[in-house]
Undergrad: 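Got a structure here, written out as structure tokens. Questions coming.
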Amino acid sequence: MSTTLNLTLQVWRQDGPDAAGRFETYQANNIPDDASFLEMLDVVNEDLIENGKVPIEFPHDCREGICGTCGVMINGRAHGQEKGTATCQLHMRKFNDGDTIAIEPWRAAAFPVVRDLVVDRSPMDAIIQAGGYITAPTGTGGDANDTPIPKEAADSAMDAAACIGCGACVAACPNSAAQLFTSAKVWHLNSLPQGQPERYKRAEAMVETMEQFFGSCTNHGECSEACPKEISLDFIAYMNRDYIKSKRFNRKLAGQG
Amino acid sequence: MLPDSKIPEGPLADKWDNHKFDIKLVNPANKRKFKVIVVGTGLAGSSAAATLAELGYEVDAFTFHDSPRRAHSIAAQGGINAAKNYRNDGDSVFRLFYDTIKGGDYRGREANTYRLAQVSVDIIDQMAAQGVPFAREYGGLLANRSFGGAQVSRTFYARGQTGQQLLLGAYQQMMAQVDAGKVTLHTRQEMLDLVTKDGEACGIVTRDLTTGEIKSHSAHAVVLATGGYGNVFYLSTNAMTCNVTAAWRAHRKGAYFANPCYTQIHPTCIPAADEFQSKLTLMSESLRNDGRIWVPRSPDEQRRARDIPEAERYYFLEEKYPAFGNLVPRDVASRNAKTVVDQGQGVGPLKNGVYLDFAAAIERDGLDKVWERYSNLFEMYERITGEDPRETPMRIYPATHYTMGGLWVDYNLMTSVPGLYACGEANFSDHGANRLGASALMQGLADGYFVLPYTIGDSLAGKLGTDPVSTDDEVFQAAEADVRGRIQKFLSIGGTKSPDYFHRELGKLVWNYIGMERDQNGLEKAISEIRALRDEFWKDLRVLGNTDTINSSLEKAGRVADFFELGELMARDALDREESCGGHFRSESQTEEGEALRDDDNFQHVSAWEWHDMDTPQTKHAEELIFEEVTPSQRSYK
Ligand SMILES: Cc1cc2nc3c(=O)[nH]c(=O)nc-3n(C[C@H](O)[C@H](O)[C@H](O)COP(=O)(O)OP(=O)(O)OC[C@H]3O[C@@H](n4cnc5c(N)ncnc54)[C@H](O)[C@@H]3O)c2cc1C
Ligand code: SF4
Ligand code: FES
């Protein structure tokens, strides 16, 4: 049988993008330890509504760690202390009765607060839009098995493609850099045969778009620590390599292999 | 009157080709003169928006999510079917078609289903070209698995994240068109009404979820790719924001709603841990390949699972269905689990689950093998429940997972409102009364990539030279006024209960009376109880906060209001269909062995419901299903 917890929450409340924010203190009582972190917030919200107070806005949707919508700073750590775990997958059994928990939105200049714990992450879409795709209009693909891909390469592409676009890497980074997110997509596509024709153009466009919004990477590694999918720092090195090459490489010669 | 379903003449295998030849085309130079609105950017919507834009149309794509990549399609785990026959195990377009029609218990259209099987092969080619990292063999070729009891290995997958990888592929393809200026993307915009003029779709009204701005958008055609309505059950495997509003608003503007009672209950979900849980987690059905399902014979059993001797365990599926055992179809597995739980034999603290036990598989194949196959699922289970499936059996229970019903569409995917189309889970078209595993992803992408982009030309061609209706037109003004009025209403009721409270209570009614097993008595009760609860909702709802900012209670209130009306229609549809078929089990209609008993003489049809007004129940239009290639047979898994 599950036991229950009584907690004190310090939650960032902010009425809108231009409003001043503040911490408010709430009690979360009788929370079953089988509940997830977001279910705990549901309970707090129901309580607030019952008492005529406007509930806390927090980002969430799938609640199974795949859509990348959720994400808050929990006691100063993006997605909380559990490794490889998105906020929605964090369970209350990882906390102790009597704990005080501080809950804040992602903090980054590129992610302005929309309200309370919800931020605007649209610059991540801008990076994808700049080149995070393979140009293959519908109907142009040949038979899928005409292009064999060594299993190791496909697996490595998949490791990178597993990124859920949550932005925790940016939130965890002292410089608010988006290298981990960007490199995950660059490596996913640049490592595959299908991605070769646009390889350097892609690296260049994505990196330069990223730099318009986000800070610079100084190799702290906090991003990978916070990442719910444990995306590897190696991808950043691969991306940098392709970016540098994109500046030197004469793309007219690319067909020569 | 039900519009013509436009099923082409000729032999089944030629219908789609003939149709593509017969329908009107829009010439390449003229395509840019047409504006198309696509609502929804999941698999169906993203693929449609990308392809329409590549063809040259001007596309406006809408999603209430903050990014298209968040659509619920992202959560699909298991895989996507395609009749590639890469395994050389006897698969073919005809076999995939046949399995799908049979799996749907002969309540789907032959022509649509055949076309789905035909284009399935192109989907895999397209997604591989997009860089989707499908699982591969050591030789570098694509891997497959058998899924959901299929007799052939035709399912393609990307680890346990197939939906994620496919959606990212379609999303990226669409973002390339955003970059090219052919798709205008509108995120965090919720469609709250469909606008029609002279009976034709001409646009939509949206609310900006961050600023509250209400805005009209007009186009030559509107495509709804807004997903399924499983969240009417409150507890489901759908993401929290999945809802029926877009489809329901269209229904109220004239689009017929087909087969709303066909919903799919998935057998392998993690049981709820407590009363206020709001979402259930699905685990891939592949677990049933190696897990054995059982409950203690005694309802009073107190021992840990491991300590219960074999003889005191009830392997109910293996005993009742020796041929298929734990791999019976989803509906059969789900219903039997519910029966044993209802009999008090359930396991877990709330006695609301059955065991799925890997001990035998571990003994047979070794822990390493089993771990290799299921590690991500085992970890997910442990994360949620705190229990290790290697030590103690998993606990599973059925939950709502997919909705086969949806907006009625013809062969062109056009609804009964001219100019309004529906794709993906939002339409009713391809799965009959039950859907095969790994076929929803296939259908969403088939519709969006390979069907709609061609068929939409048929109605657009006639509109060449016309401008979209102006958003200053009175039809838009009236729709905006309605939307504003509704929002004000929610904020002004000033009652005592949250939208979630009403959603939870509605969900209980839907689950208990319109869930896995229905009967006349329960369905009649459902109608009257849903109505009573709905009245209470409109009197006692409490929505706090303002409309000029994110306000998820306000969003939720609108969605729950529409779920009430849908729930009632589901009950009416289930009541009307006095037979059992696929996922719809009427207790009055079963074989002596307790299996679903179809009534082909009276119910071999699609039920398409027409909206009138709040005080007049919908009327039903029946579309007869004609089987030319296959002969409906009674399912038997004994
Ligand atoms: C947990 C889970 C696992 C699954 N696994 C599989 C599997 O392995 N294989 C398989 O084939 N199928 C699977 N399915 C089913 C499959 O994932 C879905 O049926 C399919 O992805 C639906 O795609 P869609 O594009 O139709 O809708 P969705 O992906 O649900 O997209 C709906 C879109 O519409 C938008 N939208 C909705 N309403 C509005 C509105 N009013 N205004 C603006 N935008 C709106 C949303 O923002 C979203 O972009 C699974 C489903 C679940 C729940
Ligand atoms: S790299 Fe990791 S932390 Fe960053 S967006 Fe992707 S999943 Fe989130
Ligand atoms: S809510 Fe989807 S990842 Fe957490």
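Below, each value reflects all heavy atoms present in this structure, side chains not excepted, and no hydrogens, waters or symmetry copies.
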Undergrad: Is it the backbone or the side chain of B:I270 that comes under 4.5 Å from a heavy atom of chain A, or both, or neither?
TA: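 Contact with chain A: none, neither part.
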Undergrad: Where on B:F134 is there a heavy atom nearer than 4.5 Å to chain A: the side chain, the backbone, both, or neither?
TA: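 Just its backbone gets close to chain A.
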Undergrad: Any heavy-atom pair between the side chains of A:E46 and B:S498 that's under 4.5 Å?
TA: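 Result yes, sub-4.5 Å side-chain heavy-atom pair found.
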Undergrad: Taking the basic N atoms (NZ, or NE/NH1/NH2) and the acidic carboxylate oxygens, is any pair closer than 4.0 Å for A:D143 and B:K84?
TA: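 Salt bridge: yes.
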Undergrad: Donor-acceptor pair, B:Q126 side chain versus A:G139 backbone, under 3.5 Å?
TA: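 Yes: the side chain of B:Q126 pairs with the backbone of A:G139.
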Undergrad: Okay, side chain of B:R136, backbone of A:A154: is any donor-acceptor separation there less than 3.5 Å?
TA: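 Pair absent, no side-chain N/O of B:R136 close to backbone of A:A154.
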Undergrad: Can you tell me if B:Q172 uses its side chain to pair, donor with acceptor, with the backbone of A:I128 under 3.5 Å?
TA: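 Flag not set: sc B:Q172 to bb A:I128 has no pair under 3.5 Å.
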Undergrad: Charged N to carboxylate O below 4.0 Å: is that the case for A:E50 and B:K497?
TA: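 Salt bridge absent between A:E50 and B:K497.
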Undergrad: With a 3.5 Å distance limit and no angle check, can you tell me whether B:R159 reaches the backbone of A:D155 through a side-chain donor-acceptor pair?
TA: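 Answer holds: yes.
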Undergrad: Taking side chain as everything from C-beta outward and backbone as N, CA, C, O, which of these in B:L142 sits under 4.5 Å from a heavy atom of chain A? Side chain, backbone, both or neither.
TA: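 Backbone plus side chain of B:L142, per the 4.5 Å heavy-atom cut-off to chain A.
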Undergrad: Against chain A, label B:I384 side chain, backbone, both or neither, depending on which of its atoms sit under 4.5 Å from a heavy atom there.
TA: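 Contact with chain A involves both backbone and side-chain atoms of B:I384.
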Undergrad: Need one label for B:S73: side chain, backbone, both or neither, based on atoms under 4.5 Å from any heavy atom in chain A.
TA: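 Neither; nothing under 4.5 Å.
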Undergrad: Is any NZ, NE, NH1 or NH2 atom of the basic residue among B:K279 and A:D61 found under 4.0 Å from an Asp or Glu carboxylate oxygen of the other?
TA: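 No.
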Undergrad: Looking only at heavy atoms, which two atoms of B:S278 and A:E39 are closest? And how far apart?
TA: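 Minimum heavy-atom contact is N-OE2, 4.1 Å.
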Undergrad: Can you check whether A:T135's main-chain N or O pairs, donor with acceptor, with B:Q173's side chain at less than 3.5 Å?
TA: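 No, B:Q173 side chain to A:T135 backbone: no donor-acceptor pair under 3.5 Å.
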Undergrad: Would you indicate whether the side-chain heavy atoms of A:R115 and B:N551 approach each other to under 4.5 Å?
TA: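 No - every pair of side-chain heavy atoms lies 4.5 Å or more apart.
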Undergrad: Taking side chain as everything from C-beta outward and backbone as N, CA, C, O, which of these in B:Q77 sits under 4.5 Å from a heavy atom of chain A? Side chain, backbone, both or neither.
TA: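 B:Q77 touches chain A through side-chain heavy atoms alone.
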Undergrad: Using a strict cut-off of less than 4.0 Å between a Lys/Arg side-chain nitrogen and an Asp/Glu carboxylate oxygen, indicate whether B:R383 and A:E64 qualify as a salt bridge.
TA: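 No, this pair does not count.
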